[in-house]
Amino acid sequence: MRILVLGSGAREHAIVSSLLSEPEAHQITAAPGNAGIATVVPVVALDPTRGDIVTEYALDNDIELVIVGPEAPLVAGVADALRQRGIAVFGPGKAAAALEGSKTFAKRIMDEAGVPTGKAARAGTLDEVATAIDEYGAPYVIKADGLAAGKGVLVTEDRDAALAHARYWLDHGAVLVEEFLSGPEVSLFLLSDGHNVLPLSPAQDYKRVFDNDEGPNTGGMGSYSPLPWLPEGFVAEVVDTIALPTIRQLANEKTPFIGLLYCGLIVTDKGIRVIEFNARFGDPETQVVLPRLVTPLSGLLYAAATGELGSLPTPEFSDDVAVAVVLASEGYPEDPVIGRPITGLADVENVTIAHAATALVKGEFVATGGRVLSVVATGPDFAAARARVYAALDTIHLEGSHYRRDIALRVVE
Ligand code: AMP
Ligand code: GLY
């Protein structure tokens, strides 16, 4: 198949690697891709948020499937532009992508569909924020309504900090005040063709920058899959009580969701609750889910894009486990130092590297952003996979960089 992958992160690198591992040889192009992706497939420099440009490229190059990695092109309506021209695309149109692009839209859909989630109040003024946080009590959860690249959420015991965060985001639009939910978090990805869903294997993401979940939230510092501590029937319950009702609600509203429904869940003592939906694969969870996928990815995504998911069995996963650890630049997430060389990448063993923010300068990789790359290993158990990842991280050098040392440690202990 001729496949175009939109995006430039470690997630897209993992998607490309998964496609390349299939028995069928595909012609894959990434746009714009990154320096790591460019070592395995051709990349083209085009703006993935421009529906007109992406569609023209896809038509000129007889692309049979477009896979949209990040949220920005989805929210910009790139999938709509492609679909209008009859091109198969894995990724929801603008209206359904509002499930991620607008937290108030997501809450309304959940309400209508009867999906379990925490209480939330939309606030347009600081007075409304103050009223809501005093009603829910500490810890306070304040969220920007729109896309905020992982920076929109603050969970804090400090009322003044909550109000300051709200004041900042009120300048950009409304904010949501949420009831605090407590429990382990799960990321579950489900493929959808607009009517049917198929679950992938659950993963866990580590959002805080430092070990023991200290420091500010980030885009994600590491992940592992599967989650051996989940109760039996967990995935089926999410399919029945969360994913299918949400997909049906969107279909009823004539905005079918075709793509990846990312359910960000908290397992509270009162049951499973949705904390967020995303409209695309998660990063860094994709880096641990896809290496375990046995069923060819392209067939699944093509079936979702063409309304044929109902005829497929649930995707199969290997019994191997996977661990990913993100290498971050000095100063991430506040103020990452960029431009420094990364050495040792050629010497690592038993891992794969998913590049995120790297560039090739005079034959040497340099860091170009905060989350630089993910080191990913599979293994028969978490101790083995962790040992491989951390041995590789010992070999890789980036001055001032940091990474969490406790990814998947809980499951080993
Ligand atoms: P989000 O971007 O909505 O996934 O939020 C980022 C992180 O903030 C989540 O992964 C949780 O760790 C935390 N969080 C978000 N909403 C809540 C909530 N209602 N209660 C507790 N923690 C939350
Ligand atoms: N890992 C969180 C996200 O992709 O949104």
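All values derive from a computational prediction rather than experimental measurement.
Within a 6.0 Å sphere centred on CG of Asp319, heavy atoms belonging to other residues, nucleotides or ligands number 12 at most.
The shortest distance between side-chain heavy atoms of Arg50 and Val78 does not fall below 4.5 Å. Between Thr246 and Phe257, the closest side-chain pair of non-hydrogen atoms is not below 4.5 Å. A 4.5 Å side-chain heavy-atom check between Ile109 and Leu99 finds at least one atom pair inside the cut-off. Looking at heavy atoms from C-beta onward, Leu4 lies out of side-chain contact with Leu65 at the 4.5 angstrom threshold. Considering only heavy atoms from C-beta on, Val348 stays 4.5 Å or farther from Val375 through its side chain. Put simply, the side chain of Val267 reaches to within 4.5 Å of the side chain of Val186, judged on heavy atoms. Proximity of His402 to Glu330: side-chain heavy atoms (C-beta onward) are nowhere separated by under 4.5 Å. Here the side chains of Arg292 and Ser225 are in contact, with some heavy-atom distance below 4.5 Å.
Of all heavy-atom pairs between Ala95 and Thr255, the closest is CB-CG2, 3.4 Å. In terms of heavy-atom proximity, Arg371 sits nearest to Ala356 at O-CB, 3.3 Å. Summarising the geometry of Ser201 relative to Val289, their closest heavy-atom pair is O-CG2, 3.6 Å, with the distance given to 0.1 Å. What you find for Ile247 and Ser192 is that their closest heavy atoms are CD1-OG, 3.5 Å. For the pair Lys94 and Val75, the tightest heavy-atom approach, listed with the atom from each and the gap, is CG-O, 3.3 Å. What you find for Ala88 and Thr306 is that their closest heavy atoms are CB-CG2, 4.1 Å.
A salt bridge does not link Arg340 to Glu364: none of the charged side-chain nitrogens sits closer than 4.0 Å to a carboxylate oxygen. The existence of a salt bridge linking Glu276 and Lys103 is confirmed by a sub-4.0 Å separation between a basic side-chain nitrogen and an acidic carboxylate oxygen. One finds a salt bridge joining Arg404 and Asp213 here, because a Lys/Arg side-chain nitrogen approaches an Asp/Glu carboxylate oxygen to under 4.0 Å. In summary, Arg208 and Glu214 do not engage in a salt bridge, as defined by a charged side-chain N under 4.0 Å from a carboxylate O.
Asp145 contributes atom CG, which lies 3.5 Å from atom OG1 of Thr104 (distance to the nearest 0.5 angstrom). Note that the CG atom of Leu293 and the CG atom of Leu300 stand 6.0 Å from one another [nearest 0.5 Å]. Rounded to the nearest 0.5 Å, atoms CG (Leu373) and CD1 (Ile342) are 5.5 Å apart. Rounding to the nearest 0.5 angstrom, the gap separating the CZ atom in Phe180 from the CD1 atom in Ile275 is 10.0 Å. The OG1 atom of Thr29 lies 5.0 Å from the CD1 atom of Ile63; values are rounded to the nearest 0.5 Å. Distance check, rounded to the nearest 0.5 Å: CD1 of Ile67 to CG of Leu301 gives 5.0 Å.
For Tyr140, there are no ring-ring contact (aromatic ring centres under 6.0 Å, His included) partners two or more places apart in sequence or in a different chain. Qualifying side chain to side chain donor-acceptor pair (under 3.5 Å) partners for Asp80, counting only residues two or more places apart in sequence or in other chains: none. Judged as a side chain to side chain contact (heavy atoms under 4.5 Å, CB included), and not counting sequence neighbours, the contacts of Thr314 are Leu198, Pro199. Residues that satisfy the side chain to side chain donor-acceptor pair (under 3.5 Å) test with Arg405, not counting sequence neighbours, are Tyr403. Legend: residues meeting side chain to side chain contact (heavy atoms under 4.5 Å, CB included) with Glu349, ordered by chain and number and at least two apart, are absent.
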task = Give the C-alpha distance, both sets of side-chain angles, the deciding distance and a yes or no for side-chain hydrogen bond (donor to acceptor under 3.5 Å, both in side chains) between Glu316 and Thr295.
result = CA-CA 6 Å; Glu316 264 183 72; Thr295 313; 5.1 Å; no
task = Apply the test side chain to side chain contact (heavy atoms under 4.5 Å, CB included) to residues Trp229 and Gln204: give CA-CA distance (whole Å), side-chain angles for both, the deciding distance (0.1 Å), then the verdict.
result = CA-CA 11 Å; Trp229 45 268; Gln204 190 168 57; 3.7 Å; yes
message = Working note: Lys207 + Thr218, criterion side-chain hydrogen bond (donor to acceptor under 3.5 Å, both in side chains); need CA distance, chi angles, decisive distance, verdict.
response = CA-CA 5 Å; Lys207 289 233 164 67; Thr218 68; over 6 Å; no
task = With side-chain hydrogen bond (donor to acceptor under 3.5 Å, both in side chains) as the test, would you mind laying out the steps for Gln249 and Arg108 before giving the verdict?
result = CA-CA 10 Å; Gln249 183 64 31; Arg108 181 183 70 73; over 6 Å; no
ask   = Step by step, would you call Glu178 with Lys119 a salt bridge (Lys or Arg N to Asp or Glu O under 4.0 Å)?
value = CA-CA 6 Å; Glu178 280 187 20; Lys119 281 187 287 202; over 6 Å; no
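Judged purely by atom type and a 3.5 angstrom limit, Thr286 uses its side chain to pair as donor or acceptor with the backbone of Gly282. With Tyr206 contributing its side chain and Ala408 its backbone, the two residues share a donor-acceptor pair below 3.5 Å. When atom types are taken as modelled, the side chain of Asn34 and the backbone of Ser8 share a donor-acceptor pair closer than 3.5 angstrom. A donor-acceptor distance shorter than 3.5 angstrom exists from the side chain of Arg11 to the backbone of Phe281, with no hydrogens or angles considered. No donor-acceptor distance shorter than 3.5 angstrom exists from the side chain of Lys107 to the backbone of Leu176, with no hydrogens or angles considered. Here the side chain of Ser102 pairs no donor or acceptor atom with the backbone of Ala98 at under 3.5 angstrom. Side chain of Glu71 to main chain of Ala279: no donor-acceptor pair is present (N/O by atom type, distance under 3.5 Å, no hydrogens or angles). The backbone N or O of Ala357 lies less than 3.5 Å from a partner atom in the side chain of Thr368, making a donor-acceptor pair. Panel note: side chain Glu64, backbone Arg2; a donor-acceptor pair is recorded below 3.5 Å. Looking at Asp320, its side chain never comes within 3.5 Å of a backbone N or O of Thr378 through a donor-acceptor pair.
Under the 30°/60° scheme for interplanar angles, the aromatic rings of His355 and His13 are found to be tilted. Ring geometry, Tyr224 versus Phe382: the interplanar angle exceeds 60°, so the pair is classed perpendicular (tilted spans 30 to 60°).
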Show which side-chain atoms of residues 258-266 pair as donor or acceptor with protein atoms under 3.5 Å away, not counting sequence neighbours.
residue: Tyr262; atom: OH; partner: Ser187; partner atom: OG; Å: 3.4
residue: Tyr262; atom: OH; partner: Glu285; partner atom: OE2; Å: 2.7

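Side-chain contact check for Gln287 and Ser223: no donor-acceptor pair (N or O, by modelled atom type) lies under 3.5 Å.
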